[in-house]
Amino acid sequence: MALRIATWNVNSLRVRLDQVLAWLDAQRPDVLALQEIKLSDEQFPVAEIEEHGYHSVYAGQKTYNGVALLARRRPEAVRREVPGLDDPQKRFIAATIEGVRIVNLYVVNGQAVGSEKYAYKLRWLDAVHAYLVKEVEAGRPLVVLGDFNIAPEDRDVYDPQAWRERILCSTPEREALARLLATGLEDTYRRLDTESGGYTWWDYRAAGFRRDHGMRIDLILASRALADRCTRCTVDREPRRAERPSDHAPLIAEFSTAD
DNA sequence: ATGGTAGAACATCTA
């Protein structure tokens with residue numbers, strides 16, 4: 001048996017719903033974490049997703065942000081706020097699904113190094129770090145996944161020289177990500193693949209996808225014992241080739257289960 | 001050369 005857990009920044013669930021439903025039908029993951037759903041809770045397509053065999057829990061917001069967890073089994077102990085952070089932006093949802101604590105993050109982009117949004121990004125990551133320290137201490141299997149808006153290393157960037165110390169690649173951002181990992185989490189993609197870029201995002205502009213000008217900024221992290229059971233972590237580029245694609249591709253990890 | 005595209009409040013903001 002195996003547990004398959006995926007993440008996808010869909011850049012508007014309204015626009016991408018048919019693509020998401022088709023992908024669920026094709027891949028049948030146990031869990032799909034969505035970011036940038038860009039719709040309010042009242043607008044969330046609960047019924048359509050249910051018709052495809054998935055429960056939904058969500059933290060929606062009009063126009064910007066918004067995150068959700070879709071799961072074949074009912075999510076429990078749902079949390080929609082980063083503890084200790086007074087934040088009107090909906091970027092966090094956590095739930096327990098099939099005994100695994102799942103934390104879905106849409107990390108702040110930050111716009112430009114040194115900007116107000118950049119300071120907010122680092123504050124936001126600090127609050128998430130404090131929360132993850134407690135979640136790791138609890139000792140349950142833990143998965144932290146989503147759009148991290150940080151390329152962990154230069155090998156995760158198509159042109160590291162051009163991006164040096166720019167947003168998504170700056171040293172303070174990478175250090176903040178390293179602190180999240182240091183709570184006791186492993187990057188499942190890197191654990192299994194030390195060579196290829198594994199890009200998950202390509203800019204809509206300047207033919208980014210056609211030229212493979214990408215970055216690996218969507219991640220699936222797992223607590224150590226769970227990471228030991230990770231057998232696969234792959235980017236599915238197929239939806240990025242579709243008509244009206246999201247600028248992100250889905251990432252899917254598979255974990256073998258003991259029984 | 002600081003551009004380009006996409007999605008949302010459809011005028012600017014965010015990414």
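Per chain, numbering begins at 1; letters A, B, ... match sequence-line order. Hydrogens, waters and symmetry mates play no part in the numbers below; they use all other heavy atoms, side chains included.
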> Would one find more than 12 heavy atoms of other residues, nucleotides or ligands at under 6.0 Å from atom CZ of A/R74?
Replying inline: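 Check fails, neighbour count at 12 or below.
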
d([atom1], [X]; [atom2], [N]) in whole Å:
| X | N | atom1 | atom2 | answer |
| --- | --- | --- | --- | --- |
| A/Y106 | B/dG7 | OH | P | 14 Å |
| A/L168 | B/dA15 | CG | C1' | 9 Å |
| A/I37 | B/dG7 | CD1 | C1' | 14 Å |
| A/D247 | B/dT14 | CG | C1' | 11 Å |
| A/N9 | B/dA15 | CG | C1' | 9 Å |
| A/Q43 | B/dG7 | CD | P | 16 Å |
| A/H213 | B/dT5 | NE2 | C1' | 16 Å |
| A/E243 | B/dA6 | CD | C1' | 14 Å |

Where the side chain of [X] is defined as all heavy atoms beyond and including C-beta, which of [options] is the nearest nucleotide?
| X | options | answer |
| --- | --- | --- |
| A/N109 | B/dA8, B/dA6, B/dA15 | B/dA15 |
| A/Y64 | B/dC13, B/dA6, B/dA8 | B/dC13 |
| A/Y204 | B/dA15, B/dT5, B/dA8 | B/dT5 |

So, OP1 or OP2 of [N]: does either fall under 4.0 Å of a side-chain N or O from [X]?
| X | N | answer |
| --- | --- | --- |
| A/R205 | B/dT2 | no |
| A/R210 | B/dG4 | no |
| A/R244 | B/dT5 | no |
| A/K117 | B/dT14 | yes |

> Just checking A/R166: base, sugar-phosphate only, or nothing, at a heavy-atom cut-off of under 4.0 Å?
Replying inline: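 Answer is nothing: A/R166 stays at 4.0 Å or more from every strand.
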
> Contact class for A/R91 vs. all strands (heavy atom < 4.0 Å): base, sugar-phosphate, or nothing?
Replying inline: sugar-phosphate

> Rounded to the nearest 0.5 Å, what separation is found between the NZ atom of A/K38 and the CG atom of A/N65?
Replying inline: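 Here the interatomic distance stands at 9.0 Å.
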
> So which one's nearest nucleotide on DNA chain B is more toward 5', A/L13 or A/N65?
Replying inline: A/L13

>> Can you work out whether A/R16 or A/H248 has the more 5'-proximal nearest nucleotide on DNA chain B?
In response: A/R16

>> Tell me if the centroids of the rings in A/F209 and A/Y204 come within less than 6.0 Å of each other.
In response: no

> Which of these passes side chain to side chain donor-acceptor pair (under 3.5 Å) with A/Q35: A/N9, A/T7, A/D147?
Replying inline: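 Passing option: A/T7.
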
> Can you tell which of A/L32, A/D30, A/D25 makes a side chain to side chain contact (heavy atoms under 4.5 Å, CB included) with A/R28?
Replying inline: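 Checked A/L32, A/D30, A/D25 against A/R28; only one passes side chain to side chain contact (heavy atoms under 4.5 Å, CB included): A/D25.
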
Inter-nucleotide [atom1] distance ([N], [M]), Å rounded:
| N | M | atom1 | answer |
| --- | --- | --- | --- |
| B/dA6 | B/dA11 | C1' | 15 Å |
| B/dC13 | B/dG3 | P | 15 Å |
| B/dT14 | B/dA1 | C1' | 23 Å |

>> Quick check: closest heavy atoms across A/Q61 and A/Q89, and the distance to 0.1 Å?
In response: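 Closest approach of A/Q61 to A/Q89, heavy atoms only: OE1-CA, 3.4 Å.
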
